[in-house]
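First the structure, in the form of structure tokens, and then the observations on it.
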Amino acid sequence: MEVNTGFSPIDIAVSGLRAGSKRMEVISSNVANARSTDNGNGEPYRRLEAVFKTDGDGLGGVILDEVAEDMSDFQRLLNPGHPDADEQGYVSMPNVKMPVEMMNLNVAARAYQANAAVLKRYQQMVETTLELLR
Amino acid sequence: MINFNTNIGQGVPQAGSAGVGMTKGKTAGSKSGFADTVKAAREYISKVDDLQQSSDISIKDLLSGKNEDITSVVSAVAKADMSFKLLVGVRNKLIEGYKQTMNMPL
């Protein structure tokens with residue numbers, strides 16, 4: 001049984017699992033840096049979003065296209081004592097919104113489960129086929 | 001889907017219709033016997049062994065920290081597991097056929 005690469009449901013499901021963990025990585029970075037006012041370039045942390053694309057044309061697994069920055073506005077918070085505050089006393093906070101991240105976390109976890117379910121069910125399908133041999 | 005391309009069905013006589021993916025490795029004689037099937041199974045064993053070894057290596061790499069991607073281990077193990085199950089199924093069938101032949105009253 002040759003399991004041909006890039007075509008078999010196993011490889012596709014595994015690529016989905018990989019994409020899921022990458023998405024989890026991005027979300028955890030967003031959550032961890034939700035209060036980071038400095039990203040090293042004098043700007044607050046910018047929310048990241050994982051962008052995926054199909055591997056190959058049409059039928060195939062998924063690969064990470066890029067980790068894009070969310071260019072929406074930073075939140076402004078009045079906190080004059082903060083070292084990163086401007087003249088008016090406002091601090092630019094990251095554009096991470098916790099409820100959105102929590103929703104994305106749920107979606108990512110469910111997508112991961114779905115890929116794992118596909119992998120498992122495919123193995124069961126193959127076993128069903130092999131049952132016919134008996 | 002999986003490509004069950006291992007000429008294992010060779011020994012089974014087929015009524016007219018040629019099996020899918022069974023053209024490769026067929027011997028010159030049109031009638032292939034039990035021995036050919038066993039030979040094909042032997043070739044398949046080495047393929048299964050390759051998959052088993054690659055899954056072993058990926059597990060070892062994961063445990064020794066060389067590779068941190070657990071999904072590649074999952075895929076290697078799943079492939080090895082599926083191919084091994086097919087091998088065991090075919091082996092059982094082969095032995096069953098052999099036994100039936102041997103028990104034939106002459």
Side-chain angles (χ1 to χ4, degrees), chain A residues 1-29 50 52-56 58-64 67 108-134, chain B residues 1-12 19-25 37 40-41 43-55 58 62 67-97 99-100:
Chain A
M1 174 164 53
E2 291 167 28
V3 186
N4 30 15
T5 49
F7 213 76
S8 106
I10 286 192
D11 289 307
I12 294 176
V14 164
S15 80
L17 289 179
R18 278 207 191 100
S21 46
K22 200 74 202 173
R23 191 146 49 158
M24 211 60 119
E25 205 178 311
V26 170
I27 291 170
S28 61
S29 162
F52 297 101
K53 66 175 180 186
T54 317
D55 191 7
L59 189 63
V62 57
I63 53 169
L64 184 75
V67 177
R110 292 292 178 193
Y112 197 88
Q113 279 181 348
N115 279 301
V118 168
L119 183 59
K120 202 169 171 186
R121 194 57 81 84
Y122 179 67
Q123 280 180 295
Q124 283 174 4
M125 268 171 63
V126 172
E127 277 173 39
T128 310
T129 316
L130 295 180
E131 294 267 312
L132 297 176
L133 269 178
R134 287 185 198 145
Chain B
M1 295 296 280
I2 338 151
N3 187 6
F4 291 95
N5 185 17
T6 39
N7 308 322
I8 276 156
Q10 262 187 8
V12 185
V20 186
M22 283 183 190
T23 44
K24 204 179 85 182
T37 315
E43 278 167 28
Y44 184 61
I45 287 174
S46 66
K47 278 187 201 162
V48 173
D49 189 45
D50 286 348
L51 285 170
Q52 293 278 348
Q53 273 173 7
S54 72
S55 94
S58 68
L62 182 78
N67 174 24
E68 285 173 0
D69 183 19
I70 196 162
T71 49
S72 64
V73 178
V74 170
S75 104
V77 171
K79 283 175 190 173
D81 183 53
M82 276 161 50
S83 60
F84 187 71
K85 276 181 179 150
L86 175 65
L87 176 68
V88 169
V90 169
R91 183 207 74 142
N92 288 343
K93 206 70 187 166
L94 275 177
I95 290 177
E96 194 190 315
K99 274 185 182 164
Q100 273 185 13

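Only a predicted model underlies this, so the values are computations on that prediction, with no experimental measurement involved. The sequence lines fix the lettering, A, B, ..., with proteins before strands; numbering per chain opens at 1.
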task = Drop me the distance from A/Leu132's CG to B/Lys93's NZ, to the nearest 0.5 angstrom.
result = 10.0 Å

ask   = B/Lys85 versus chain A, heavy atoms under 4.5 Å apart: side chain, backbone, both or neither?
value = both

query = Relative to chain B, which segment of A/Glu127 carries a heavy atom at a distance below 4.5 Å: side chain, backbone, both, or neither?
reply = side chain

ask   = So, do B/Leu86 and A/Leu133 sit near enough that their side-chain heavy atoms are less than 4.5 Å apart?
value = yes

message = Are more than 12 heavy atoms, taken from residues, nucleotides or ligands other than B/Glu68, located less than 6.0 Å from that residue's CD atom?
response = no

